[in-house]
Number of protein chains: 2
Amino acid sequence: MTYPLLGFDEKIAWRNQRNDVLTVGELLIDMISSDYGENHESSEYRKFFGGSPSNIAMNAKKLGIRPLVAASVGEDGFGKYLIERLREAGIDTDCVQSVDHSTSMVVVTKSTATPVPIFYRGADYRLEYTSKLEQALLQSKVVHFSCWPISLAPARQTIERLVETAREHGILVGFDPNYHPMIWQRGEEGTAYVKSMIGKTDIVKPSEDDSERLFGKDTPERQVEKFLELGAKLVVLTLGKDGAIASNGKETCVFDTFAAEVVDTTGAGDAFWSGFYAAAVKGYTIREALNLGFAVSAYKLKYTGAVADLPTLEAIKEMYGL
Amino acid sequence: MTYPLLGFDEKIAWRNQRNDVLTVGELLIDMISSDYGENHESSEYRKFFGGSPSNIAMNAKKLGIRPLVAASVGEDGFGKYLIERLREAGIDTDCVQSVDHSTSMVVVTKSTATPVPIFYRGADYRLEYTSKLEQALLQSKVVHFSCWPISLAPARQTIERLVETAREHGILVGFDPNYHPMIWQRGEEGTAYVKSMIGKTDIVKPSEDDSERLFGKDTPERQVEKFLELGAKLVVLTLGKDGAIASNGKETCVFDTFAAEVVDTTGAGDAFWSGFYAAAVKGYTIREALNLGFAVSAYKLKYTGAVADLPTLEAIKEMYGL
């Protein structure tokens with residue numbers, strides 16, 4: 001009972017569910033330096049709510065749909081902080097598990113050279129498959145995850161069971177194949193596993209860098225082909241300022257970017273996902289949902305930070321003349 | 001060839017060695033919040049050089065002896081930062097190992113309630129016993145460590161071998177029994193192991209809290225007895241504003257505090273260790289070295305931060321009329 005081909009001019013026939021999108025995976029602290037003083041004692045950092053799927057949930061809520069976050073955080077101040085941010089936003093935290101490991105964190109130090117993040121993975125990959133999580137999934141229209149939770153056990157097995165259950169019950173599976181060796185288990189060839197996961201998902205949205213890390217350098221068209229060959233039903237390859245290519249294997253569409261002004265690219269991909277899901281859930285066609293996703297992404301690009309203070313999807317639709 | 005009883009009015013008969021004190025263990029980032037906004041997005045933190053034995057080395061250098069740091073940091077910006085701070089201070093970093101794990105960090109958020117640190121242990125406990133480390137030990141007068149490296153493998157085995165080698169070669173072993181379940185391996189009873197380690201060391205400096213975590217509540221005199229019974233040659237139990245008690249099992253001395261002004265207690269214990277080692281190495285008697293340790297500690301208490309900008313040992317000696 002997996003999803004059929006996703007036609008560009010079709011709407012997804014959703015079943016009536018209590019939740020719209022269940023995002024599963026990293027809910028963590030982004031600790032970002034305020035200045036370029038990477039080598040000075042006492043240089044300043046600021047903490048932010050973070051984690052790609054959690055940011056998607058935050059955005060989706062603002063755009064007007066019902067997200068649910070499944071993640072695992074530490075029984076510490078950071079964990080409490082993250083849970084409170086979700087509650088403040090009106091997002092159900094029933095599936096946020098608290099575990100006896102430090103809340104995961106990514107430290108990003110602004111640098112005159114390329115800034116390289118430092119990953120502190122404690123609680124995030126301890127996510128367990130529970131009956132509560134299964135119930136949340138069965139009451140959702142979409143389940144979404146990235147490469148983080150599949151990079152380490154036991155979260156990997158949790159995702160595998162969620163995907164299996166989603167496919168059995170006709171729940172749409174969205175996957176961000178943002179593979180990077182730095183988050184992957186030491187000594188394991190991550191690309192093979194990520195590729196095996198692509199075949200079990202409905203929608204993937206790789207960037208050009210993601211594609212290159214998985215398949216090596218190639219033209220955008222051929223990269224899209226490779227994702228389709230692995231079994232993805234809809235591939236959305238983003239090309240930065242050159243827009244995007246999307247294909248369902250039968251039809252391929254090219255999308256220009258809506259971004260006239262780029263202030264900060266952080267979170268642009270998450271903004272796309274949230275716009276796409278919000279539109280698809282609200283009954284727009286795949287083509288319309290993709291356009292609305294790109295519009296939300298363009299809106300976010302005008303602001304600094306991972307999560308912009310988004311208006312409703314309808315306001316963005318009007319803003320971008322869609 | 002272990003150390004004989006350390007008489008209070010005796011000087012330690014040091015052999016001629018290239019280094020004075022080899023500190024082994026945690027070299028890490030202290031990430032400390034600037035404000036009490038524990039629950040606000042974007043609240044501010046500052047990064048500092050940290051890790052008790054590394055702070056002792058920094059202090060000891062300022063006091064005028066030759067320390068050497070053995071530790072393991074990540075191949076990342078934080079690791080580079082820590083190594084550069086040591087180099088700047090003129091401390092040899094030959095025994096700082098760089099490993100493929102994130103540099104360890106302790107996050108402390110100021111809180112209106114009790115601030116609870118969050119531990120991010122990556123690189124620190126990956127310290128390996130290498131021939132370079134063994135050579136460094138054999139060229140040192142003292143080796144010092146805390147509970148951090150013995151809390152997790154493989155650093156635990158590294159410390160065990162270092163202690164064994166130190167005892168074989170008449171190198172003084174100083175141990176800070178700062179046991180805390182939060183840094184200990186999950187599911188392991190840490191106190192039994194820490195107690196077994198006390199018997200293999202020459203000098204221990206527990207606080208009252210350390211003693212209580214190891215033995216339960218008791219009078220200071222009886223706590224000192226317990227450390228001696230385990231085999232420590234010299235026990236220095238610090239009592240905060242009430243000074244300290246030191247005993248070698250034959251003779252017990254009470255020390256009043258020199259601290260007239262207490263601004264920040266962070267690093268007071270490390271300041272004691274560095275003052276004690278500096279004085280002992282410079283040829284003062286045990287009693288004089290203890291007094292000079294307490295004087296350095298009192299000096300540090302007047303300043304904020306883990307490491308004060310200490311003058312030389314001679315200047316502190318004069319300042320406190322010793």
Side-chain angles (χ1 to χ4, degrees), chain A residues 29-35 37-50 58 73-85 88-89 99-111 113-123 181-183 186-187 304-307, chain B residues 29-35 37-50 58 73-85 88-89 99-111 113-123 181-183 186-187 304-307:
Chain A
I29 295 288
D30 283 331
M31 190 66 89
I32 300 173
S33 73
S34 307
D35 47 43
E38 67 244 52
N39 217 10
H40 296 124
E41 178 84 356
S42 177
S43 66
E44 186 187 296
Y45 287 75
R46 287 181 182 278
K47 82 164 192 285
F48 296 91
F49 177 98
M58 287 292 232
V73 297
E75 291 158 341
D76 51 37
F78 283 169
K80 284 194 202 86
Y81 165 78
L82 293 168
I83 289 171
E84 286 194 24
R85 291 293 76 68
E88 257 181 20
V99 299
D100 183 21
H101 293 275
S102 304
T103 298
S104 295
M105 173 167 29
V106 179
V107 176
V108 181
T109 303
K110 286 179 190 165
S111 168
T114 316
V116 179
I118 311 180
F119 298 101
Y120 291 94
R121 300 193 65 181
M182 285 186 74
I183 62 161
R186 298 292 186 283
T304 301
V307 182
Chain B
I29 295 289
D30 281 332
M31 189 66 89
I32 300 171
S33 73
S34 308
D35 46 42
E38 66 244 53
N39 216 12
H40 295 124
E41 178 85 354
S42 177
S43 67
E44 187 187 294
Y45 288 75
R46 288 182 182 276
K47 82 163 190 287
F48 296 91
F49 177 99
M58 287 294 232
V73 297
E75 292 158 342
D76 52 38
F78 283 169
K80 284 194 201 85
Y81 165 77
L82 293 168
I83 289 171
E84 287 194 23
R85 290 294 76 68
E88 257 180 19
V99 299
D100 184 21
H101 293 276
S102 304
T103 298
S104 295
M105 174 167 28
V106 179
V107 177
V108 181
T109 303
K110 287 180 188 165
S111 167
T114 316
V116 180
I118 311 180
F119 297 101
Y120 292 93
R121 300 193 65 179
M182 284 186 76
I183 62 161
R186 299 290 187 283
T304 301
V307 182

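Letters go in sequence order (proteins before strands), and every chain restarts at 1.
- Residue with the most contacts toward chain B among A/R121, A/R85, A/K80, A/H101: A/R85 (heavy-atom pairs, distance under 4.5 Å).
- To the nearest 0.5 angstrom, A/F78 atom CZ is 6.5 Å from A/K47 atom NZ.
- Heavy-atom distances place no part of A/S33 under 4.5 Å from chain B, backbone and side chain included.
- Remark: B/F119 pairs with B/W148 by the ring pair (Phe, Tyr, Trp, His ring centres under 6.0 Å) rule, at least two apart or across chains.
- Neither the backbone nor the side chain of B/S34 comes within less than 4.5 Å of any heavy atom of chain A.
- A/I29 has its side chain out of reach of A/S104: every pair of non-hydrogen atoms, C-beta onward, lies at least 4.5 Å apart.
- For B/D30, no part lies near chain A; criterion is any non-hydrogen pair under 4.5 Å.
- Scanning for salt bridge (charged side-chain N to carboxylate O under 4.0 Å, His left out) contacts around B/E44 gives A/R46, B/R46, with sequence neighbours left out.
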